[in-house]
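Note that the structure is predicted; figures quoted are calculated from it, not measured.
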Amino acid sequence: MNRPLCPYRLQIALLVGFALTTFSACAPLPPAGATGSGLPSANSPAQYAWLNRVTWGATTSAARQLEQLGQARWLQQQLQPQDAKLPEPAQGTVRAMTISQTGLTDLVLKMEQQRKDSDTLKDDTEKKAAQQAYQNELTRLSREAATRHLLRALYSPAQVQEQMTWFWLNHFNVHLYKHNLRAMLGDYEDHALRDHALGRFRDLLGTVTYHPAMLRYLDNEQNAAGRINENFARELMELHTLGVDGGYSQKDVQELARVLTGVGVNLNTGNPSMRKELNRLYVRKGLFEFNPQRHDMAPKTLLGATVPGEGLGEVDAALDMLARHPSTARFISRKLATYWLSDNPPQALIDRMAATWKATDGQIAKVLETLFTAPEFVNAPATKFKDPVRYVVSSVRLAYDDKVVLNVGPMLNWINRMGEPLYGRQTPDGYPLVASGWDSAGQLTTRFEIAKAIGSGSAGLFKTEGPQPTEKAAFPQLANALYYQAIQGTLSPATRSALEQANSPQEWNTFLLAAPESMRR
């Protein structure tokens, strides 16, 4: 009886099968063992593997910088980034975006007025066209946010910060098609998450809790005294801090929901009227609003501690408790280790990360330093299966290094095809961090097609709107110094054999990008 192929063996089978039908012979490949120039020969497969794990994907320029600075100094620059400016024209693209030029409040209120104006139209045809224009503009804004995210992942020198931005975006997940969140995504990612991605977790938790994108997504604007909505309170404990086994009860969820009453969003230009004695408790910052008339002022008991009824201060007290709870340190340390290292990270490493969390009051960069310098991390084999976003970004980085692509549309399409569109997870738990969510046969077939598009230079990454230049972008040269000095030493005999059967540089590129080793980090 024939045994089914495991995902990695299936991928090798795809390599051999596609080799028979893809490209005809072309320019000769570089001779085996060629080193070229530009990358110090001291670079090693082990150093490449470490770099490949702590960046969105190793590149020649990143390897050169690591070699020049040394691992310790390079890591400190990553954990304390000072200048994350992108190269042109990527920086110019980001600079020209609406989400870069218009603040959250002005942008959302403008979109809200557009929505109201369209709803008041009497003519059905005009009304339908205006409503469609409103939806199209929301979609354009979310596309800007996704484009900026990919450009930063590809080219930002602050690679750890950009990965942690993705990690927190997934951890504190919101779905773009809830209400008008498409107009809020850019600010949510940039200011609530990215600005605090390597800082103190308590600060990050506060910016997320008070951001209108999260409050709207988890319905807390509907949470009021006498009409309790537990959605945000439950996810805040189960997914954002303590974890499902974090030692809280359903009663704690109910009490936290009471703490969160009155915390919501104001999409009007004016403030609500209220009783005079409550005016001092009213808080509005941009779109965020705490309305004391909707708040349960009675005392609460949360995780065994009394929370006096004092308005918005109750929320900060609750967030302090959640952020500093031992369960939060363990839960997020495990999740970080799962994301960066393996689907089943060593418990001893998680314990050390949690101890660092406690000793530093949740300083994320310090917890990551404990992880990145741990023997379990430094000496780990490349077994972590890449999710779709990482596979696409790492493949483009390896193919083109710091040559800026002009169109990330193909990348967005690939990510969508593989089921991981940015901001597209409907449920608050975020996308899976383990291989079982992504290593199906269908996924690997799609990845081979992506590898072929990138490796042959036919992906359309350098095509822009309007007339195209007569000179087409060349296919990438992956048989380079980085390959011969570092990558080659990480490949299995089966992968090397497949590469030797390539009939052209484009085909060789395809085989390398589709190899099992390119699926892991």
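- In this structure, a donor-acceptor pair under 3.5 Å is absent between the side chains of E112 and N268.
- In summary, the aromatic rings of F232 and Y217 are positioned with their centroids too far apart to meet the 6.0 Å limit.
- Using a 4.5 Å heavy-atom cutoff, the side chains of V392 and K386 are not in contact.
- In this structure, F372 has its ring center closer than 6.0 angstrom to the ring center of W340.
- Taking the six-membered ring where the residue is Trp, W357 and F201 present tilted rings, their angle falling between 30° and 60°.
- Side-chain contact, Q135 with R182: a donor N or O sits under 3.5 Å from an acceptor N or O.
- Side-chain atoms of N231 and E235 include no donor-acceptor pair closer than 3.5 Å.
- In summary, the side chains of S249 and D252 do present a donor paired with an acceptor at a separation below 3.5 Å, with no hydrogens or angles considered.
- Using cut-offs of 30° and 60° for the angle between ring planes, the F331 and H171 rings count as tilted.
- For the residue pair Q82 / Q77, no side-chain donor-acceptor distance below 3.5 Å is found, with atom types taken as modelled.
- We find the CD-OH distance between Q426 and Y177 to be 10.5 Å, quoted to the nearest 0.5 Å.
- There is a side-chain donor-acceptor pair under 3.5 Å between Q113 and D117.
- Side-chain N/O atoms of Y210 and D316 include a donor and acceptor closer than 3.5 Å.
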Please tabulate, for side-chain N and O atoms in residues 239-246, each donor-acceptor pair with protein atoms closer than 3.5 Å (sequence neighbours left out).
{"from": "T241", "atom 1": "OG1", "to": "L236", "atom 2": "O", "distance (Å)": "2.7"}

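- Side-chain contact of W74 with Q65: a donor-acceptor pair under 3.5 Å is present, judged by distance alone.
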Quiz item: Is there a side-chain hydrogen bond (donor to acceptor under 3.5 Å, both in side chains) between N223 and R294 once you walk through the steps?
Solution: CA-CA 8 Å; N223 185 20; R294 298 168 53 84; over 6 Å; no
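- Residue pairs satisfying the ring pair (Phe, Tyr, Trp, His ring centres under 6.0 Å) criterion with at least one member in residues 291-325, sequence neighbours excluded, are listed as follows: F290-H295.
- Inter-residue side-chain proximity for M164 and L368 is flagged as met; some heavy-atom pair is nearer than 4.5 Å.
- For the 3.5 Å distance criterion, the side chains of S342 and N344 fail to qualify, holding no donor opposite an acceptor.
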